[in-house]
Amino acid sequence: MKVESIAIIGTGVIGSSWAAFYAAKGIDVKMFDVDADLCHKGHRQAVDTIRLLEAQGIIAGDKVEDCISRIETAAGLEQAVENVQLVQESVTENYEVKKQVFKALDAHTAANVILASSSSGLLMTEIQQVTHHPGRCLIAHPFNPPHLIPLVELVPGDGTDEQAIATMKRFYEALGKVPVVLKKPVPGHIANRLAMALWREAVDLVVQGIASVEDVDKAVSAGPGLRWAVMGPHMIYNLGGGEGGMDHFIDHFGPAVKTWWESMATWTTLPPETKAVLVDGLKAEMGDRSLSDMNRLRDEKLIKMLKILYE
Ligand SMILES: NC(=O)c1ccc[n+]([C@@H]2O[C@H](COP(=O)([O-])OP(=O)(O)OC[C@H]3O[C@@H](n4cnc5c(N)ncnc54)[C@H](O)[C@@H]3O)[C@@H](O)[C@H]2O)c1
């Protein structure tokens, strides 16, 4: 599939980041949002991101104006999808909203245009029901921010053609992304299920008064998080088993880990005190740094790590 033009529908956090990513790769982008002000805000954010990528040496200085000129806003969905080969839907995470958008996309695009949803955890099986051409509909879930994080989870719905998944896998690989393919759909896909399993325990440790928000965050980012950036948990524990690998790891640590699992949180609704406790703890962790300071810190450090890991 030769992709020269992409429509981004929904221009919030994720849509604007996708726009910057694709433009930086030399692809034309048309952005549309149901809220015209948010569409222009998303456009400004995408341009700022291009400039950040230049400042970090990811885009060459003489390419910046070309990248920026590739990003346009559209006054309507129909105009946004004109002559595109791919739609990256990034609207609000809600079945009704996504279904309404997919119905319109299905009506206004040729049947060979791939319709990819950025959904963090909805099922395409449900969304594609409203389309006449469900085979070209799939989930292509990025990790925030998609202009930096390589992972894209490709998830079929029951009606998705295998060919659409294979095409998108090749497409993302060619752009330097790291796509993973789910064999069957599950709410939250892979990465968010793993992230939320960890976050439940992280919340519980704070709510139970076992450690501060700051120390729980440090215990992840200065410890296992560093290893996870290099290898996933299965391979890490394979190495943790020494010469005996995973076989020995399970025999050695299995009984101890069973007692940890038995004492872990299993709730499915956040405890009522969670918000207050986390908001206070995060204030302490941030000190006098603002949210935009933290965003910049995240992106600058991520870029340095990504250069080592993926260049
Ligand atoms: N924020 C994240 O960390 C993250 C990460 C990966 C994937 N996602 C997924 O990306 C999608 C967007 O999330 P977000 O965080 O960017 O949300 P957001 O609230 O920042 O942006 C959503 C945008 O969609 C627009 N919108 C709503 N209905 C619309 C319609 N009918 N037509 C056009 N635009 C419409 C809204 O006006 C808004 O600007 C969601 O499916 C979410 O699950 C989010």
Side-chain angles (χ1 to χ4, degrees), residues 8-10 12-18 21 88-99 101-102 115-128 137-158 160 165 168-169 172 177-207 213 216-217 219-221 223-237 261 264-271 274-275 278 282 294-295 298-299 302 305-306 309-310:
I8 307 281
I9 308 299
V13 175
I14 293 303
S16 60
S17 175
W18 268 130
F21 171 75
Q88 186 81 52
E89 170 276 304
S90 304
V91 303
T92 312
E93 182 82 347
N94 172 292
Y95 275 121
E96 285 322 304
V97 178
K98 302 255 189 216
K99 280 180 174 175
V101 168
F102 266 71
L115 307 182
S117 172
S118 300
S119 172
S120 299
L122 301 179
L123 300 178
M124 182 45 74
T125 305
E126 174 79 19
I127 299 167
Q128 68 195 166
C137 303
L138 51 87
I139 304 282
H141 171 240
F143 237 56
N144 190 36
H147 62 269
L148 293 180
I149 302 278
L151 179 67
V152 184
E153 297 181 296
L154 297 175
V155 195
D158 289 349
T160 306
I165 296 280
M168 288 305 285
K169 183 166 185 284
Y172 285 121
K177 288 271 182 207
V178 177
V180 297
V181 177
L182 274 73
K183 295 177 188 165
K184 48 186 177 180
V186 61
H189 321 316
I190 302 173
N192 273 333
R193 289 176 77 90
L194 295 174
M196 287 301 151
L198 180 85
W199 192 54
R200 174 166 56 190
E201 190 55 33
V203 168
D204 209 62
L205 289 167
V206 174
V207 167
V213 167
V216 171
D217 277 358
V220 176
S221 62
L226 284 172
R227 302 191 308 197
W228 290 331
V230 183
M231 289 173 192
H234 296 305
M235 189 55 71
I236 285 292
Y237 293 142
W261 275 329
M264 278 184 196
T266 54
W267 41 256
T268 53
T269 304
L270 285 164
T274 303
K275 250 192 200 175
L278 292 191
L282 286 165
M294 299 307 293
N295 265 310
R298 178 199 64 190
D299 285 2
L302 263 176
M305 277 168 47
L306 289 167
L309 290 168
Y310 290 96

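All residue numbers in this chain count up from 1 along the given sequence.
- Looking at heavy atoms from C-beta onward, P150 lies in side-chain contact with L306 at the 4.5 angstrom threshold.
- The closest donor-acceptor contact from the side chain of D158 to the backbone of T125 lies at 3.5 Å or more, if one exists at all.
- Heavy-atom contacts from other residues, nucleotides or ligands closer than 6.0 Å to CE of M235 number 12 or fewer.
- Atom OG1 in T160 sits 8.0 Å away from atom CD1 in I139 (nearest 0.5 Å).
- Side-chain contact between Y172 and L154 is present, with at least one heavy-atom pair separated by less than 4.5 Å.
- For the pair K177 and Y310, the cation-pi test (distance below 6.0 Å, angle within 45°) is failed.
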Evaluate the side-chain contact (heavy atoms from CB on, under 4.5 Å) criterion for residues T268 and R200: first the C-alpha distance (whole Å), next the side-chain angles of each, then the deciding distance (0.1 Å), finally the verdict. CA-CA 9 Å; T268 53; R200 174 166 56 190; 4.2 Å; yes
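- Residues V152 and F143 are not in side-chain contact: their nearest non-hydrogen atoms beyond the backbone lie 4.5 Å or more apart.
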Stepwise, does the side-chain contact (heavy atoms from CB on, under 4.5 Å) test hold for Q128 with F102? CA-CA 7 Å; Q128 68 195 166; F102 266 71; 5.9 Å; no
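- Counting heavy atoms from C-beta outward, V101 and K98 have side chains that stay 4.5 Å or more apart.
- Of the possible donor and acceptor atoms, one in the side chain of T274 sits under 3.5 Å from a partner among the backbone N and O of P271.
- A heavy-atom distance below 4.5 Å is found between the side chains of D299 and P145.
- Closest approach of M124 to L138, counting heavy atoms only: CE-O, 3.4 Å.
- The 12-atom threshold is not exceeded at CH2 of W261, counting heavy atoms of other residues, nucleotides or ligands nearer than 6.0 Å.
- In this structure, S16 contributes its side chain and G12 its backbone to a donor-acceptor pair below 3.5 Å.
- The closest side-chain heavy-atom distance from N144 to P146 is below 4.5 Å.
- Shown here for P156 and I165, the closest heavy-atom pair between the two residues is N-CD1, 3.7 Å.
- A salt bridge links K99 with E126; the closest basic N to acidic carboxylate O contact falls under 4.0 Å.
- The side chain to side chain contact (heavy atoms under 4.5 Å, CB included) search around L123 returns Y95, P185, P187, not counting sequence neighbours.
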Would you check, one step at a time, whether the test side-chain contact (heavy atoms from CB on, under 4.5 Å) holds for D204 with W267? CA-CA 9 Å; D204 209 62; W267 41 256; 2.6 Å; yes
Check the pair F21, I149 against side-chain contact (heavy atoms from CB on, under 4.5 Å), reporting the backbone distance first and the verdict last. CA-CA 10 Å; F21 171 75; I149 302 278; over 6 Å; no
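- Side-chain contact annotation: S119 with E93, donor-acceptor N/O pair under 3.5 Å present.
- Scanning both residues, S90 and W18, for their nearest heavy atoms gives OG-CD1, 3.6 Å.
- The two residues G10 and I8 come nearest to each other via the heavy atoms O-CG2, 3.5 Å.
- Under the side chain to side chain contact (heavy atoms under 4.5 Å, CB included) criterion, V180 pairs with L151, E153, I190, sequence neighbours left out.
- Side chains of I14 and P142 form a contact here, defined as non-hydrogen atoms less than 4.5 Å apart.
- Contact of the L278 side chain with the V203 side chain is registered, since non-hydrogen atoms from C-beta on lie closer than 4.5 Å.
- Test H141, E89, Q88 against S118 for side chain to side chain donor-acceptor pair (under 3.5 Å) and you get one pass: Q88.
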